[in-house]
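Nothing here was measured: the structure is a model prediction, and the numbers come from that model.
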Amino acid sequence: MKAGRLYLIPVPLGQTAHGSVLPAAVLEHARRLSCFVAENAKTARIFLKALPTAAPLQQIRIAELNQHTPPAALAQLLAPALAGNDLGLISEAGCPAIADPGADLVALAHDLAIEVVPLVGPSSILLALMASGLSGQSFAFHGYLPSDAAARERRLRELEKESRQQRRTQIFIETPYRNRQLLASLIDVCAPATRVCIASDLTTAGELICTRTVAEWRQRPLPDLNRRPTVFLLHA
């Protein structure tokens, strides 16, 4: 029996109409599927209800994959594809497998000869880089920085030094309720000429994208980023 495909289905980053950020072909693929793997089943159902799916929502199968999913459970999540059914992988927001636990499932799909089909959609990381004015020729995404203040500042100094040496844009994120602390650390420890970009609430009505040198940030009131999904970028 031929295995089904694993479709990587992007999700809008905020409370945005699907049709304004997702291509029609992506919506059509998502509508026809009846089996999904998602980081959170409740929010996945909200996304699928808004499409809406061809099958009644009550008949849609949604299995969860998150940071608590043991590696031994991944094969079972791919069972529908191994049985010949197409399967969709949905992230909480943005593109699956980018800063997302779905990467392990995609890796196993390749091992099991399941065809992987990435679909076009929003990625907060790439949107932030595009809009930052910082180098898109050489860049690195570092995920979350340490929550401890001293460790966070050490890591920022390391990233700034590497950026200066490699001429590389450094990209990272933070849990939204700690955005304020991260931005304050950036402004405190980085050199005056280092350029820092913040990109918050991308693709929503409240979108904020701003790039300034550290010296300029120090002269202005800092924006309120509390509980706003934000991508941070620096280039020394």
Side-chain angles (χ1 to χ4, degrees), residues 8 10-16 20-23 91-100 103 118-147 149 151-236:
L8 311 187
V11 172
L13 299 173
Q15 299 300 317
T16 308
S20 66
V21 294
L22 298 179
S91 176
E92 272 292 272
C95 295
I98 305 298
D100 178 80
L119 299 178
V120 174
S123 164
S124 60
I125 298 165
L126 289 180
L127 289 173
L129 178 62
M130 289 164 59
S132 69
L134 306 183
S135 174
Q137 296 295 329
S138 177
F139 57 90
F141 176 65
H142 300 278
Y144 293 92
L145 301 192
S147 58
R152 180 172 62 240
E153 292 180 1
R154 285 195 300 271
R155 184 61 177 142
L156 285 171
R157 290 188 179 97
E158 292 170 356
L159 293 178
E160 184 184 36
K161 180 179 179 181
E162 180 184 273
S163 174
R164 186 176 296 111
Q165 293 174 339
Q166 303 293 330
R167 299 182 180 179
R168 173 180 298 161
T169 299
Q170 310 285 32
I171 309 171
F172 38 92
I173 55 178
E174 182 53 281
T175 302
Y177 63 83
R178 286 202 295 261
N179 282 338
R180 192 179 305 159
Q181 295 93 317
L182 176 54
L183 181 56
S185 293
L186 268 167
I187 304 310
D188 285 344
V189 308
C190 290
T194 292
R195 299 173 72 198
V196 171
C197 175
I198 57 171
S200 299
D201 293 328
L202 291 167
T203 76
T204 73
E207 181 177 272
L208 170 66
I209 305 170
C210 187
T211 300
R212 296 174 178 148
T213 66
V214 167
E216 291 169 335
W217 279 114
R218 289 173 180 168
Q219 295 171 1
R220 302 169 185 242
L222 298 182
D224 183 8
L225 303 180
N226 189 39
R227 300 190 182 279
R228 300 176 67 182
T230 301
V231 179
F232 297 85
L233 308 91
L234 73 79
H235 195 288

Crowding at CZ, F172 (>12 non-hydrogen neighbours, <6.0 Å):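 Enclosed: over 12 neighbouring heavy atoms sit under 6.0 Å from CZ of F172.
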Residue Q137 excluded, over 12 heavy atoms near CD under 6.0 Å: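 Open: at most 12 neighbouring heavy atoms sit under 6.0 Å from CD of Q137.
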Hey, are the side chains of [X] and [Y] touching, using non-hydrogen atoms and a 4.5 Å cut-off?
X: R218; Y: P192; result: yes
X: L186; Y: V214; result: no
X: L156; Y: L182; result: yes

Side chain to side chain donor-acceptor pair (under 3.5 Å) contacts in which one or both residues fall within residues 219-229, not counting sequence neighbours: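 Qualifying pairs: D201-R228.
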Inter- and intrachain pairs under side chain to side chain donor-acceptor pair (under 3.5 Å), touching residues 180-190, at least two apart: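 Those involving residues 180-190 are R152-S185.
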Which atoms form the tightest heavy-atom contact between [X] and [Y], and what is the distance?
X: P122; Y: V11; value: CG-O, 3.7 Å
X: F141; Y: A99; value: CE2-CB, 3.7 Å
X: A131; Y: I209; value: CB-CD1, 3.7 Å
X: S135; Y: L129; value: O-CD1, 3.5 Å
X: P223; Y: L183; value: CD-CD2, 4.2 Å
X: S200; Y: L225; value: OG-CD2, 3.3 Å

What distance do [X] atom [atom1] and [Y] atom [atom2] have between them, rounded to the nearest 0.5 Å?
X: I187; Y: E216; atom1: CD1; atom2: CD; result: 10.5 Å
X: I171; Y: L159; atom1: CD1; atom2: CG; result: 11.0 Å
X: L134; Y: L233; atom1: CG; atom2: CG; result: 6.0 Å
X: L13; Y: T203; atom1: CG; atom2: OG1; result: 4.5 Å
X: F139; Y: I125; atom1: CZ; atom2: CD1; result: 9.5 Å

Could you tell me which residues satisfy side-chain contact (heavy atoms from CB on, under 4.5 Å) with [X], sequence neighbours excluded, listed by chain and number?
X: V120; answer: P23
X: L126; answer: S123
X: P221; answer: none
X: S163; answer: Q170, L234, H235, A236

Residue pairs fulfilling salt bridge (charged side-chain N to carboxylate O under 4.0 Å, His left out) with at least one residue in residues 203-213, sequence neighbours excluded: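 Found none.
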Selection residues 164-179 - residue pairs positive for salt bridge (charged side-chain N to carboxylate O under 4.0 Å, His left out), sequence neighbours left out: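 Checked against salt bridge (charged side-chain N to carboxylate O under 4.0 Å, His left out) - neighbours excluded - the pairs reaching residues 164-179 are E160-R164, E162-R168, E174-R178.
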CA sep, side-chain torsions, deciding dist, call: V196, F232, side-chain contact (heavy atoms from CB on, under 4.5 Å): CA-CA 7 Å; V196 171; F232 297 85; 5.6 Å; no
Residues in salt bridge (Lys or Arg N to Asp or Glu O under 4.0 Å) contact with E158, at least two apart in sequence or another chain: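 With neighbours one apart ignored, the set is R155.
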Residues which pass side-chain hydrogen bond (donor to acceptor under 3.5 Å, both in side chains) with S91, listed by chain and number, not counting sequence neighbours: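 Here the qualifying residues are D100.
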